[in-house]
Amino acid sequence: MTLVDGLKAFEQTGTDPGNPLPPPPGWPTLAPEALSGLAGEIVTGISPYTEADPVSVLVQVLAAFGNLIGSGPHFKVEFTQHPARLFGVLVGETSKGRKGQSWSTPKHVLTRLDPTWATQITSGLSSGEGLIYTVRDPDPVHDDPGKKDKRLFVLEEEFAQPLKVMRREGNILSITIRDAWDHGELHPLTKANPITATGAHISIIGHIARNELLRLLNETEQANGFANRFLWFMVRRSKIIPNPKGAPTDVLEPLERRLTDVFDFARTLGEVARETEAEAQWVKVYPALSEGKPGLLGAILNRAEAQVMRLALVYALLDRSPEIRPVHLKAGLALWDYSEASVRLIFGDRLGDPTADRIMSEMRRCGELDETAIRDLFSRNLRGQEIDRALQLILALGLAKGFPVSTSGRPRIVWRPTT
């Protein structure tokens, strides 16, 4: 449809450009619990004035606020501290998902709480050494005072770029990002580079189109723990607003006043624990959260417990709560459910194994494949051991079975998908 055709359709139907756009079939649904408390009020206050997906706004508010308050507030798993440090990627079906627009108002509001934090917002992830340098410790030998403010909010609107550079041999960006999520103690793995960063509080939000993500996130990054340190969210354009002007002052000012109180309160906290009722709920949901899942989905989702609790922590802080209550845990679980549904939509039934994925794709297309057809699929250029390994993986995951078929000679094995 051309722009002229679109204008004619609008004139004929009288559709209000501000009306919500319906979600595509199979799109994840955000449960109301995810919009509880001040986080939800911010999103619902902003949403009528932006084309951005409410999920995009919510995720960036949570991640940015968690970075803004620093690494003081945290919860513990044994002796490991988990601060309000979130990594998330907003994934659009196309580049028109209004991912960038979703940061405009949250940035305007949050930087007013602490103007110095505005200087801690950056982009351009290209090397592990560069990321460490941004939050580096003092180096008296080279008369470098380092960085006193260890907060760093990385907004990577072209997340494809770091995914590209991580594929280069010798690039340590993936390792550094994993360390930044885990503990914030960063240093290169070579003695030749003495740069270090201790106590780094780094949060990352990336924007990418789904086709780019599938092309660039290779099986190594999926399996080595990089992908599961991120929360993944499918987002889309929520409505049509030809001339968005942003939320008006009478909407933003009350939110800013409450955020100021929250900011002052949250920075005084240390350890934040679950209160009694939330602990009882956690005991109920923990078995399902911690249960491993097969294949690629399992590799990407296997930090569910920590991710849910980090989300619940930020929800609690935004509610000026010194403990994590049931409402905060439910909010974290609701947003995690949306992320898990997004991962299933993004990656589908991929296994993260190129050989096995290709076999399964062809098997589902044809209904069945015999051993000759499987070898021909790779133009007989792949070693038999590699094909056998992939088939054993498929068998172990219960995705297909091999059935003997009688012939005049040796029985022929035919593989058929089980689902």
Side-chain angles (χ1 to χ4, degrees), residues 60 63-64 66-68 70-71 74 80-90 103 107 116-208 212-213 215-232 299-300 303 306 310:
Q60 292 182 126
N67 188 262
L68 175 66
S71 58
H74 64 275
T80 302
Q81 293 187 7
H82 287 264
R85 192 155 57 223
L86 299 174
F87 292 2
V89 180
L90 307 179
W103 173 234
K107 179 182 179 182
T116 63
W117 181 69
T119 65
Q120 302 301 113
I121 302 173
T122 190
S123 62
L125 289 171
S126 60
S127 71
E129 294 87 349
L131 182 58
I132 298 170
Y133 184 82
T134 310
V135 287
R136 66 193 182 280
D137 292 339
D139 181 3
V141 175
H142 297 92
D143 196 26
D144 183 352
K147 295 286 289 186
K148 292 182 179 179
D149 193 340
K150 296 294 184 171
R151 299 173 300 173
L152 186 69
F153 185 68
V154 181
L155 184 73
E156 200 62 66
E157 294 191 354
E158 298 294 336
F159 197 65
Q161 293 306 310
L163 291 180
K164 289 177 183 177
V165 301
M166 283 190 299
R167 304 173 82 173
R168 298 173 186 167
E169 186 175 354
N171 189 286
I172 65 166
L173 181 57
S174 175
I175 296 171
T176 306
I177 287 175
R178 283 179 273 156
D179 287 344
W181 190 91
D182 289 351
H183 45 67
E185 309 300 310
L186 314 178
H187 56 85
L189 300 178
T190 60
K191 293 182 179 179
N193 193 338
I195 189 173
T196 60
T198 56
H201 186 60
I202 298 172
S203 306
I204 301 174
I205 290 291
H207 298 178
I208 194 169
E212 282 188 306
L213 176 62
R215 179 169 56 87
L216 294 171
L217 189 65
N218 61 37
E219 63 275 9
T220 301
E221 298 305 330
Q222 293 159 359
N224 71 4
F226 171 85
N228 60 42
R229 285 168 171 84
F230 284 82
L231 295 155
W232 304 86
I300 295 177
R303 292 184 189 272
R310 289 193 183 196

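Only this structure's heavy atoms are used, side chains among them; waters, hydrogens and symmetry mates stay out.
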Q) Quick one: does Met166's side chain get under 4.5 Å of Leu125's, heavy atoms only? A) no
Q: Give a yes or no answer on whether the side chain of Glu157 reaches the backbone of Gly206 with a donor-acceptor pair at less than 3.5 Å.
A: no
Q.
Using side-chain heavy atoms (C-beta onward) and a distance below 4.5 Å, is Asp182 in contact with Arg229?
A. yes
(Q) So which atom in His187 and which in Thr196 form the shortest heavy-atom distance, rounded to 0.1 Å? (A) CB-CG2, 3.9 Å
Q: Rounded to the nearest 0.5 Å, what's the gap from CG on Leu155 to OG on Ser203? Could you check?
A: 11.5 Å
Q: Indicate whether the side chain of Gln120 and that of His201 have a donor and an acceptor atom separated by less than 3.5 Å.
A: no
**Q.** Closest non-hydrogen atom pair, Arg178 against Phe226
**A.** CD-N, 3.9 Å
Q: Of all the heavy-atom pairs spanning Ile195 and Tyr133, show the shortest one and how long it is.
A: CD1-CA, 3.4 Å
(Q) Once you measure the plane-to-plane angle for Phe159 and Trp232, does it fall in the parallel (<30°), tilted (30-60°) or perpendicular (>60°) bin? (A) perpendicular
Q: Measure across Gln60 and Trp103 and return the closest heavy-atom pair with its distance rounded to 0.1 Å.
A: NE2-N, 3.4 Å
Q: Please step through side chain to side chain contact (heavy atoms under 4.5 Å, CB included) for the pair Thr134 and Ile202, ending with a clear verdict.
A: CA-CA 10 Å; Thr134 310; Ile202 298 172; over 6 Å; no
Q. Can you tell me how far the CZ atom of Arg136 sits from the CG atom of Asp144, to the nearest 0.5 Å?
A. 4.0 Å
Q. If you round to the nearest 0.5 Å, how far is CZ of Arg168 from OG of Ser127?
A. 10.0 Å
(Q) If you count every heavy atom of other residues, nucleotides or ligands that lies below 6.0 Å from Glu158 atom CD, does the total exceed 12? (A) no
Q | Smallest separation among heavy atoms of Ile172 and Gly128, with atom names | A | CG1-CA, 3.7 Å
Q. Below 4.5 Å, heavy atoms only, C-beta onward: do Leu131 and Leu152 meet side chain to side chain?
A. yes
Q: Tell me, with the steps shown, if Ile205 and Phe153 meet side chain to side chain contact (heavy atoms under 4.5 Å, CB included).
A: CA-CA 8 Å; Ile205 290 291; Phe153 185 68; 3.8 Å; yes
(Q) Rounded at 0.5 Å granularity, tell me how far CG in Leu217 sits from CZ in Arg167. (A) 9.0 Å
Q: Starting from the C-alpha separation in whole Å, work towards a yes-or-no answer on side chain to side chain contact (heavy atoms under 4.5 Å, CB included) for Thr176 and Glu129.
A: CA-CA 8 Å; Thr176 306; Glu129 294 87 349; over 6 Å; no
Q) Quick one: does Asp139's side chain have a donor or acceptor within less than 3.5 Å of a partner on Gly146's backbone? A) no
**Q.** Lys164 atom NZ, over 12 foreign heavy atoms within 6.0 Å
**A.** yes
Q) If you look at every heavy atom in Leu186 and Ala200, which pair is closest and at what distance? A) CD1-CB, 4.1 Å
Q: Check whether any side-chain heavy atom of Asp149 lies under 4.5 Å from a side-chain heavy atom of Trp117, and answer yes or no.
A: no
Q. Side chain of Asn171, backbone of Ser126: donor and acceptor closer than 3.5 Å?
A. yes
Q.
For a side chain to side chain contact (heavy atoms under 4.5 Å, CB included) check, start with the C-alpha distance between Thr116 and Arg151, then their side-chain angles and the critical distance, and finish with the verdict.
A. CA-CA 10 Å; Thr116 63; Arg151 299 173 300 173; 3.6 Å; yes
Q. If you measure from CD1 on Ile204 to CZ on Arg85, what distance do you get to the nearest 0.5 Å?
A. 10.5 Å
(Q) Checking the side chain of Asp137 only, and the main-chain atoms of Thr198 only, is there a donor and an acceptor separated by less than 3.5 Å? (A) yes
Q.
Measuring from atom CZ of Arg310 to atom CZ of Phe87, what distance do you get when rounded to the nearest 0.5 angstrom?
A. 7.5 Å
